[in-house]
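Below you'll find the structure, written out as structure tokens, and then a few comments.
Residue numbering restarts at 1 for every chain, and letters A, B, ... go by the order of the sequence lines.
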Amino acid sequence: MTGPRTLYAKIWDDHVVATQPDGTALIWIDRHLIHEVTSPQAFEGLRLAGRRVHRPDLTLAVPDHNVPTTRRPAPIADPDSALQVLTLERNCAEFGIEHIAIDAPEQGIVHIVGPEQGFTLPGTTLVCGDSHTATHGALGALAFGIGTSEVEHVFATQTLLLRRSAAMEVRVTGALGFSIGAKDVALAVIGALGTGGGTGHVIEYTGDVIAALSIEGRMTVCNMAIEAGARAGLVAPDARTFDYLRGRPRAPAGAEWDAAVAYWSTLPSDPGATYDRTVTIDGGAIAPQVTWGTSPEDVVAITGRVPSPDSFADKDKRAAAVKSLDYMDLTPGTALADVVVENVFIGSCTNGRIEDLRAAAAVARGRRVAAGIRQALVVPGSGLVRAQAEAEGLDRVFVEAGFDWREPGCSMCLGMNPDKVPAGERCASTSNRNFVGRQGPGARTHLLSPAMAAAAAVTGRLTDVRELMG
Amino acid sequence: MTPFTTVTGVAVPFGQANVDTDVIIPARFLKTIQRAGLGRGAFATIREDPANIFDTPRNIGAPILIAGDNFGCGSSREHAPWALADMGFRVVIAPSFADIFAGNAYKNGMLLVVLPQAQVDRLLVAAADAEVTVDLDHQVVTTEYQDRFEFAVDPFRKDALLKGQDEIGLTLTMAPAVAAFEARLAAERPWVSGAARRA
Ligand code: SF4
């Protein structure tokens, strides 16, 4: 008999098709999500080799990365974007894949659509040609990003050749303070681990803070596991997970639902299961987080100051900090709360869910976007999130405050569509990456939570949301 | 895929640490539906400087890139190895590589050589005026200055690179094992199947 196992080990063991002598395993893939940017070359490969999609019933497509967020339907103005979106539609028709079209009510960011549709399920292996696939780990799915060659491999075989990762536990203890949310947890974890800290590992998030988070909040935390270098992020399925999934369109129903819940209930890590590494973070000590540099690990509390490069022991880190500060046009010692921003972006697969919009609207309600703000975009993660927000009147709160209420998509998270941050300007952004040029060439990104982004919008500078909400 | 044996030639002494995939190929170049032609956009931000390391006459079309620690961190975009391959690189040498980038590079027939920082530092100096040879079969990097650095490589990946083997073709030979797994899945976890069409 095997000893106590982790959640990761259980999912892995249940998906091994074959093991090679060198330890590489052929792993079955239960769920494959595709979008317009990383799939065309994979379909091209299938076509060239005369292969077909082995299990179309396990594959779901939705365009998201470069769809416009202004009024739709309309032809996409950018010819390259239009061609990618059209190519996805044609490829899905040719290979028999279910496709959520650009003008469907359910369209949205692939990592928001998967859980929302009940396509993402606990105990499944789920892949997508996008690095933030770890998002789905919030439901207890082993989910990770893959490259286009692997997309092609999954198309043709519904499997992947993988090596088992090490298991890391990130335990967030205690309870979060007032106005502190999942995004602050996600950033604090990366600050503690560093961008390479999770390399070679699958992270399982545990502890009272994680247990108390909503499924949406858990998605925010898992979404950023990749920014700590981890292969995937996981949270054990619990009653909250089952409540979230019950009745969703692509989730099991009836007797299958009962059988599924019985199986899912066996998945949490056994008492006494060992992790290769455990990191404990005091959740009660987490303040609102904001990044100052060009890597997600360049993060401090909003009450903090821009660090001096000399404060880093490592020489590469020092050099990187010098470059970051130059790019960000920041001087060491500046209080983060004194940094003026011109753009605000609320959205993305990190923070484009209903709960995120509620948190931002709570700050925006009855206030006005500051005069110096040139763009304040609110981009729901999916058409269903948008509809829900409108049913709750959140769109009116945003519009009355002077925000721009948009159609769903990835938008300013990576600026593949027309939503970009102009060169040299700053953006308070709820997305997950502050890399050089990520939101547009020369754009300066400060990552933070939806509540903090709304606070920045109404004051025109990075702001401790607790001061507004206290 | 072209079989990989030994590569000898100019090695670009780049050496920068933590180069992410947005630096290797910025998002604005991803709106393509083909693999070829991405070399034009590779390292675009760095190459805005006319004196950049990639566009010196000696380095154009070089087969080897010497990079810094944690090369290829960031996104899973496979456009990064496509762009590097389109520039002419068949080998990247660095102290470490990001996981996903490493997997993508191998799948595109690119060899990643991991060497300790001190050896990479030495190569960065030597490569300025000497050719570098990477011999996959014997797992060794040598220079015209008699440097000789051995490296480790996953035997499975080595074999695939040497044979120029397509991974999908290899997996399809395991179809019976896959079929047996699918039968078990249908019996034990029937709710997994048919999901995409359930709505
Ligand atoms: S929202 Fe951003 S991070 Fe998420 S899938 Fe889209 S581009 Fe990627």
Do B/Glu78 and A/Ser149 pair up side chain to side chain, a donor and an acceptor below 3.5 Å, judged on atom types alone? yes
Which portion of B/Glu188 sits near chain A, non-hydrogen atoms under 4.5 angstrom: neither
Please check this pair: side chain of B/Asp86 against backbone of B/Gly37, looking for a donor-acceptor N/O pair closer than 3.5 Å. yes
Start with the C-alpha gap between B/Gln139 and B/Asp135, add the side-chain angles, then the distance that decides, and say whether side-chain hydrogen bond (donor to acceptor under 3.5 Å, both in side chains) holds. CA-CA 6 Å; B/Gln139 299 179 210; B/Asp135 178 346; over 6 Å; no
Is it the side chain or the backbone of B/Pro190 that comes within 4.5 Å of chain A heavy atoms, both, or neither? both
For A/Arg55 and B/Ser193, which I'm curious about, is there any donor-acceptor pair between the side chains at under 3.5 Å? yes
Ring centroid separation A/Phe155 to A/Phe95 under 6.0 Å: no
What part of A/Ala251 is in contact with chain B, defined as an atom under 4.5 angstrom from a non-hydrogen atom: side chain, backbone, both or neither? backbone
Derivation and outcome, side-chain hydrogen bond (donor to acceptor under 3.5 Å, both in side chains), residues A/Gln439 and A/Thr445: CA-CA 7 Å; A/Gln439 295 190 291; A/Thr445 303; 2.7 Å; yes
Do you see a donor-acceptor pair shorter than 3.5 Å between the side chains of A/Asn417 and A/His65? no
Determine whether the side chains of B/Glu182 and A/His54 contain a donor N or O and an acceptor N or O closer than 3.5 Å. yes
Shorter than 4.5 Å, heavy atoms on both sides: which option in A/Glu44, A/His15, A/Arg248, A/Arg51 has the most such pairs with chain B? A/Arg51
Option that, when pairs with chain B are counted at under 4.5 Å, heavy atom only, ranks first among A/Asp14, A/Thr195, A/Val16, A/Thr133: A/Asp14
Within residues 92-102 of chain B, the residues sitting under 4.5 Å from chain A by heavy atom, in sequence order, are B/Asp99, B/Ile100
If you tally heavy-atom pairs under 4.5 Å between each of B/Pro155, B/Ala175, B/Gly74 and chain A, the highest tally belongs to B/Gly74
Output the option from B/Leu170, B/Thr32, B/Thr21 having the highest count of non-hydrogen pairs under 4.5 Å with chain A. B/Thr32
What part of B/Arg189 lies closer than 4.5 angstrom to a heavy atom of chain A: side chain, backbone, both or neither? side chain
